[in-house]
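Worksheet: the structure to be examined is printed underneath.
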Amino acid sequence: HWQKQQQHQIHIMPDSLLVSFIIDTISPVMLLESPQLIVVGENTDLKLSVNEESTCRFDKLDKSYESMSSFDLKAGNVFTERLYELEEKAYEYYLKCKDKVGNIGTLKVSFEVQIPPKVEITYERNSPLPKGTFQITLIPSKELKETPKLYYTYTDDKDFKRDVNLEKEGDEYIGYIIIEDQTLPRSGVFNFLGYDLHGNSGNEITEGSAFLVDTIKPNVPTDVQIMAT
């Protein structure tokens with residue numbers, strides 16, 4: 001019986017052993033660097049930084065982390081994705097970052113896109129234009145705050161600049177250009193500046209930004225022969 005008691009006796013180590021460990025249940029802290037609440041233009045960067053080593057993903061829907069897309073660029077703890085061809089509307093993105101032990105943080109991003117105004121220019125007759133006065137029509141991509149500014153120059157004359165007076169007709173603007181006699185063919189280029197209702201400026205001409213001028217008269221025939229048939 002005494003031997004059985006000896007076999008069940010508890011042995012204590014002569015020196016104590018301290019075991020320590022850290023429990024991490026804190027999600028990564030995510031800081032949005034861009035975009036701002038209002039984005040002016042068709043492209044922007046979706047960019048965020050994290051306070052610890054993590055991997056981050058994004059999506060337009062609040063999906064699981066594994067179902068989201070990876071960021072295109074990573075520099076340290078900064079993640080960047082370039083967003084292209086945005087439309088004029090409100091956007092939402094969900095960003096999720098996972099640290100080394102698997103804690104996941106979520107950040108919802110909301111912003112509004114405003115596209116600066118653009119215009120298309122049409123002509124009453126096809127290029128090249130001869131000597132004379134010709135009507136042009138300026139067609140904006142959106143409603144403008146006020147009558148835009150328009151002028152044209154010639155590529156072969158850096159000192160030439162002529163403003164075009166525009167009159168609004170419905171959603172379009174009408175103006176006239178004057179082509180004088182010249183000894184050589186030349187090309188003209190329009191420059192535009194307009195503001196939308198938000199005050200955003202635009203200067204892009206999507207079509208009709210340039211035109212050709214040809215005011216050279218054809219040579220007069222000097223040797224005319226009549227052939228009998």
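In the displayed structure, K142 atom NZ is contacted under 6.0 Å by more than 12 heavy atoms of other residues, nucleotides or ligands. Heavy-atom neighbours of K74 NZ from other residues, nucleotides or ligands within 6.0 Å: above the threshold of 12. Around the CD atom of E124, the shell of radius 6.0 Å holds more than 12 heavy atoms that belong to other residues, nucleotides or ligands. Atom CD of Q36 has 12 or fewer heavy atoms from other residues, nucleotides or ligands within 6.0 Å.
By the 4.5 Å heavy-atom criterion applied to side chains, N51 and P28 are counted as neighbours. Side chains of P116 and V40 form a contact here, defined as non-hydrogen atoms less than 4.5 Å apart. Proximity of L37 to F111: side-chain heavy atoms (C-beta onward) are nowhere separated by under 4.5 Å. Side-chain contact between L212 and S187 is present, with heavy atoms from C-beta onward closer than 4.5 Å. Side chains of L193 and S201 form a contact here, defined as non-hydrogen atoms less than 4.5 Å apart. Side-chain contact between L83 and V39: absent, with no pair of heavy atoms (C-beta onward) separated by less than 4.5 Å. In this structure, the side chains of D157 and R186 come closer than 4.5 Å at one or more pairs of heavy atoms. Side-chain contact between L48 and C97 is present, with heavy atoms from C-beta onward closer than 4.5 Å.
Nearest heavy-atom pair, D99 versus S54, reported as atom, atom and distance to 0.1 Å: CA-OG, 3.8 Å. Considering every non-hydrogen atom in both G175 and V164, the closest pair reads CA-CG1, 4.0 Å.
Residue R57 holds its CZ atom at 11.5 Å from NZ of K63, rounded to the nearest 0.5 Å. In this structure, CG in D171 is found 10.0 Å from CD1 in I139, a value given to the nearest 0.5 Å. To the nearest 0.5 angstrom, L46 atom CG is 11.5 Å from L73 atom CG. A distance of 10.0 Å separates OG in S110 from CG in L32, rounded to the nearest 0.5 Å. If you take OG1 on T55 and CG on N77, they are separated by 11.0 Å, rounding to the nearest 0.5 Å. In this structure, E167 CD and I174 CD1 are separated by 10.0 Å, a value rounded to the nearest 0.5 Å.
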Verdict with reasoning, V113 to E87, per side chain to side chain contact (heavy atoms under 4.5 Å, CB included):
CA-CA 7 Å; V113 173; E87 299 178 0; over 6 Å; no
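Using modelled atom types, one side-chain atom of E88 and one backbone atom of I115 make a donor-acceptor pair closer than 3.5 Å. T206 places a side-chain N or O within donor-acceptor distance of the main-chain N or O of V119, the cut-off being under 3.5 Å. Between the Y173 side chain and the P140 main chain, no donor and acceptor come within less than 3.5 Å of each other. Here the side chain of N103 pairs no donor or acceptor atom with the backbone of K98 at under 3.5 angstrom.
Listed by first then second residue, pairs satisfying ring-ring contact (aromatic ring centres under 6.0 Å, His included) with a partner in residues 135-155 read Y152-F160, Y152-F190, Y152-F211, Y154-F160, not counting sequence neighbours.
Looking at D59 and K96, no side-chain N of the basic residue comes within less than 4.0 Å of a carboxylate O on the acidic one, giving no salt bridge.
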